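Side-chain atoms are counted along with the backbone in the values below, which use heavy atoms only and exclude waters and symmetry mates. All of these numbers come straight from a predicted model, not from anything done at the bench.
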Amino acid sequence: MLGPETSDERLMLAFRAGDARAFEVLVRRHRTPVFNFILRFTGHRARAEDVLQETWLKVVRSAPEYEAKAKFTTWVYTIARNLCVDSARKESYRQAASLEAPTTGTEGDEGRPLGEALPDEGVSPERGAYNARVRPLLERALASLPEEQREVFILREYSGIPFKEIAEVTAVSENTVKSRMRYALEGLRRRLAELGVDGDLAEDGRTVAG
């Protein structure tokens with residue numbers, strides 16, 4: 001019987017066997033963190049929503065071949081990450097093709113800063129005001145990182161994925177993942193200093209007042 005304590009892997013196997021309720025539980029568990037990863041990776045809400053839908057559709061289509069050889073989170077983040085890369089590649093082609101096209105001047109959700117789109121989670125009240133000021137700057141600094149550093153930082157600090165799993169998701173060694181994380185932190189510290197943030201990044205990636 002499925003319940004709150006049922007592992008992701010058992011739920012996915014149950015869904016593969018035809019239990020639609022198992023899929024609903026998986027979506028409830030992982031929709032928000034997966035979406036936040038995609039949103040920070042792409043930097044555009046509308047595109048992130050499309051990629052999220054594609055991610056779950058691919059989970060459904062791939063269910064018959066699913067085997068619990070790795071954690072479900074590793075599997076689903078690999079799907080999401082690959083779709084993000086594909087989306088970024090398509091977007092770069094689209095932008096190159098429309099360089100001379102006139103702009104409409106309407107940005108919609110894609111023009112909304114990520115700092116406004118993503119709420120703080122698990123932050124103590126006394127840090128609320130500080131984070132409200134710093135978050136948009138942190139998102140700008142994050143967007144300036146090279147893609148391979150940004151994805152490692154997002155997976156580790158926003159999605160809570162262990163380095164070993166990130167290595168599987170990104171298809172590189174664990175040492176390479178840790179190196180990219182170190183460079184990401186250094187890059188964020190430099191960029192935040194340039195943006196006038198009076199603080200630093202702790203090892204968990206959060207801003208710390210000076």
Spacing of Leu39 atom CG and Thr32 atom OG1 [to the nearest 0.5 Å]: 11.5 Å
Distance (rounded to the nearest 0.5 Å) between Glu49 CD and Thr42 OG1: 9.5 Å
Going by atom type alone, with no hydrogens or angles, which donor-acceptor pairs under 3.5 Å involve a side-chain atom of residues 72-85 and a protein atom two or more places apart or on another chain?
| residue | atom | partner | partner atom | Å |
| --- | --- | --- | --- | --- |
| Thr73 | OG1 | Glu165 | OE1 | 3.0 |
| Thr74 | OG1 | Glu165 | OE1 | 2.8 |
| Tyr77 | OH | Ser159 | OG | 3.4 |
| Thr78 | OG1 | Thr74 | O | 2.6 |
| Arg81 | NE | Glu151 | OE1 | 2.9 |
| Arg81 | NH2 | Glu151 | OE2 | 3.1 |
| Asn82 | ND2 | Thr78 | O | 3.3 |

Beyond-backbone contact of Ile166 with Glu174, side-chain heavy atoms, under 4.5 angstrom: no
Pair Leu188-Gln149, side-chain contact (heavy atoms from CB on, under 4.5 Å): steps then yes or no: CA-CA 10 Å; Leu188 287 173; Gln149 294 176 23; over 6 Å; no
Common cluster, Met181/Tyr183, ILVMFWY with side-chain heavy-atom separation under 4.5 Å: no
Separation of Ile38 CD1 from Leu52 CG (nearest 0.5 Å): 5.0 Å
From Leu185 atom CG to Leu145 atom CG, the distance as rounded to the nearest 0.5 Å: 9.0 Å
Charged N-O contact under 4.0 Å between Arg40 and Glu139: yes
Heavy atoms of other groups near Arg140 CZ, more than 12 under 6.0 Å: no
Residue pair Ala143 / Arg150: nearest heavy atoms and the distance that separates them: O-NH1, 3.9 Å
Ser144 OG to Leu192 CG distance, which is reported to the nearest 0.5 Å: 8.5 Å
Shortest non-hydrogen contact between Ala68 and Glu9, atoms and distance: CB-CB, 4.1 Å
Worked verdict on Ser179 versus Thr176 for side chain to side chain donor-acceptor pair (under 3.5 Å): CA-CA 5 Å; Ser179 177; Thr176 297; over 6 Å; no
Heavy-atom pair of closest approach, residues Glu168 and Ala70: OE1-CB, 4.0 Å
Sub-4.5 Å side-chain heavy-atom contact between Arg45 and Phe35: yes
Salt-bridge contact Arg189-Glu186 (side-chain N to carboxylate O under 4.0 Å): no
pair Phe23-Val59: side-chain heavy atoms closer than 4.5 Å: yes
Salt-bridge present (Arg190, Glu194; N to O < 4.0 Å): no
Over all atoms of both residues, closest heavy-atom pair of Tyr158 and Leu138: OH-CD2, 3.6 Å
Sidechain N-carboxylate O distance under 4.0 Å for Arg89, Asp86: yes
Side-chain ion pair, Asp8 and Arg29, N-O less than 4.0 Å: yes
Side-chain heavy-atom pair Glu147, Phe41 within 4.5 angstrom cut-off: yes
Spacing of Glu24 atom CD and Arg31 atom CZ [to the nearest 0.5 Å]: 14.0 Å
Test item: Arg10 and Phe15 side chains (from C-beta on) under 4.5 Å apart, heavy atoms: no
Cluster check Val34, Val60: I/L/V/M/F/W/Y, side chain < 4.5 angstrom: yes
Over 12 non-hydrogen atoms of neighbours within 6.0 angstrom of CZ in Arg182: yes
Minimum-distance pair of heavy atoms, taken over all atoms of Pro64 and Arg16: O-CD, 3.9 Å
